[in-house]
Amino acid sequence: MTVTPLGIPRRLLEFTLDGQEARVPEGSTILDACRAAGKDIPTLCEGDTLTPKNACRVCVVEVEGARTLVPACSRKAEPGMEVRTDTERARHSRKIVLELLASSVDLSTTPKVAAWIKEYEAKPDRFGPDAARLNEEPRVDNDLYVRDYDKCILCYKCVDACGDQWQNTFAISVVGRGFDARIAVEHDGPLTDSACVYCGNCIEVCPTGALSFKSEFDMRAAGTWDESAQTETTTVCAYCGVGCNLTLHVQDNEIVKVTSPHDNPVTHGNLCIKGRFGYQHVQNRG
């Protein structure tokens, strides 16, 4: 069981959310309040362990008195604020963003996006085939994880996780500008020639599957990947004394990938290469 520290008590703020009174702890975002109220606000670039990047702009809502729509993931709730999450203007904006993203990249492995496209009646096909930039084979240059640029939405979550927000390795960055911008390691080379330490924390935060475990990539290619048949068991990593929590994803009695609980006070979802990928000895039954 994950132990969550209580922290310093925060006063409650009162504001209006879709005409209803809402109360959230000071420092909470509008998205926090929406989730507490059971409202499904779509978001792709928001990460619960990272500073909001405001990259995807799918989570926009209307705030009384604000000239533009505001991103719910980063805008802090304020006393007396009047927030409307389901107006025609907000829904139209989300529809356009979903259409633009889904027309340009492959979102087939992005959780919940298919339901959002249906809910907002987005029509990615109306931009035609020229909008797509699906023209690059997945880069498989190591045995641990795969980079599939056809699924990358440039949310920069992997850059932040690799950089000063968690790993401090700074192996991943953005190269190019405008339409040519892409996530890459130094000189856009193979991972094996980069500063990457294979912690896999970039995979942990990737929202679209642009970064994925090699095991998952191979099983999807073979048609055997089935999340509905997988079980999850959280345990403690046995490699050292830090006490990192591991969540083992098991399918057909085999570990297919390892994640870590984001609310763990030690790891916050992050692991090292041994915790993330060093599980093959468990399955060595020879």
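Remember, predicted model here, so these are calculated numbers, not experimental data. The analysis underlying the following values was restricted to heavy atoms, covering all of them including side chains, and did not include hydrogens, waters or symmetry mates.
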Seminar exercise, completed: Taken to the nearest 0.5 Å, the spacing of Ile273 CD1 from Leu144 CG works out to 5.5 Å

Exercise. Should Val197 and Val185 be counted in the same cluster of Ile, Leu, Val, Met, Phe, Trp and Tyr side chains packed under 4.5 Å apart?
Worked result: no

Using a 3.5 Å cut-off and no angle test, enumerate the donor-acceptor pairs between side-chain atoms of residues 121-128 and protein atoms at least two apart in sequence or in another chain.
residue, atom, partner, partner atom, Å
Arg126, NE, Glu99, OE1, 2.9
Arg126, NE, Glu99, OE2, 3.3
Arg126, NH2, Glu99, OE1, 2.8

For this session: Mind running salt bridge (charged side-chain N to carboxylate O under 4.0 Å, His left out) on Glu119 and Arg91 for me, showing each step along the way?
Result: CA-CA 10 Å; Glu119 176 184 350; Arg91 292 184 66 86; 3.8 Å; yes

Problem set entry | Hydrophobic cluster identity match, Leu211 and Val159, side-chain contacts under 4.5 Å | no

Seminar exercise, completed: Value for CD (Glu78) from OG (Ser28), rounded to nearest 0.5 Å, stands at 12.5 Å

For this session: Please name the pair of heavy atoms, one in Thr43 and one in Leu31, separated by the smallest distance, quoted to 0.1 Å.
Result: CG2-CD2, 4.2 Å

Exercise. Between Trp166 and Thr49, is there a donor-acceptor pair closer than 3.5 Å when you use the side chain of the first and the backbone of the second?
Worked result: yes

Exercise. Looking at Tyr149, is Arg182 sitting on its ring face, NZ or CZ under 6.0 Å from the six-membered ring centre and within 45 degrees of the normal?
Worked result: yes

Problem set entry | Leu101 CG to Asp106 CG distance, which is reported to the nearest 0.5 Å | 12.5 Å

For this session: Decide if atom CD of Glu227 counts as having more than 12 heavy atoms of other residues, nucleotides or ligands within a radius under 6.0 Å.
Result: yes

For this session: Decide salt bridge (charged side-chain N to carboxylate O under 4.0 Å, His left out) for Asp18 and Lys39; before the verdict, give the C-alpha distance in whole Å, the side-chain angles of both, and the deciding distance to 0.1 Å.
Result: CA-CA 10 Å; Asp18 290 334; Lys39 298 179 183 295; 3.1 Å; yes

For this session: Identify the heavy atoms of Cys202 and Ile172 that sit nearest to each other, and give their distance.
Result: CB-CD1, 3.9 Å

Exercise. Shortest non-hydrogen contact from Thr234 to Pro261?
Worked result: CG2-CG, 4.0 Å

Exercise. Below 6.0 angstrom between ring centroids: does that apply to Tyr145 and Phe217?
Worked result: no

Problem set entry | Heavy-atom closest contact (Lys214 atom, Asp143 atom, distance) | CB-O, 3.5 Å

Problem set entry | Donor + acceptor pair across side chains of Thr192, Asp141 (<3.5 Å) | no

Exercise. Would you say the side-chain atoms of Ser215 pair up with the backbone N or O of Val256, donor to acceptor, closer than 3.5 Å?
Worked result: yes

For this session: Assess the side chains of Thr87 and Glu62: does a donor N or O sit below 3.5 Å from an acceptor N or O?
Result: yes

Exercise. Step by step, would you call Arg84 with Glu64 a salt bridge (charged side-chain N to carboxylate O under 4.0 Å, His left out)?
Worked result: CA-CA 8 Å; Arg84 295 186 294 276; Glu64 185 69 26; 2.9 Å; yes

For this session: Please answer: with hydrophobic residues joined when any side-chain heavy atoms are less than 4.5 Å apart, are Val105 and Tyr156 in the same cluster?
Result: no

Problem set entry | Which atom of Gly269 lies closest to which atom of Asn201, heavy atoms considered | O-OD1, 4.2 Å

Problem set entry | Donor-acceptor under 3.5 Å (Gln283 side chain, Ile255 main chain) | yes

Exercise. Taking atom CD of Glu21 as the centre, does the number of heavy atoms from other residues, nucleotides or ligands within less than 6.0 Å exceed 12?
Worked result: no

Exercise. Is it the case that more than 12 heavy atoms not belonging to Asp252 sit under 6.0 Å from its CG atom?
Worked result: no

Problem set entry | Residue pair Ala161 / Val205: nearest heavy atoms and the distance that separates them | CB-CG2, 3.9 Å

Exercise. How far apart are the C-alpha atoms of Asp40 and Lys112, what are their side-chain angles, what is the distance that settles it, and do they pass the salt bridge (charged side-chain N to carboxylate O under 4.0 Å, His left out) test?
Worked result: CA-CA 10 Å; Asp40 181 25; Lys112 300 180 71 174; 3.3 Å; yes

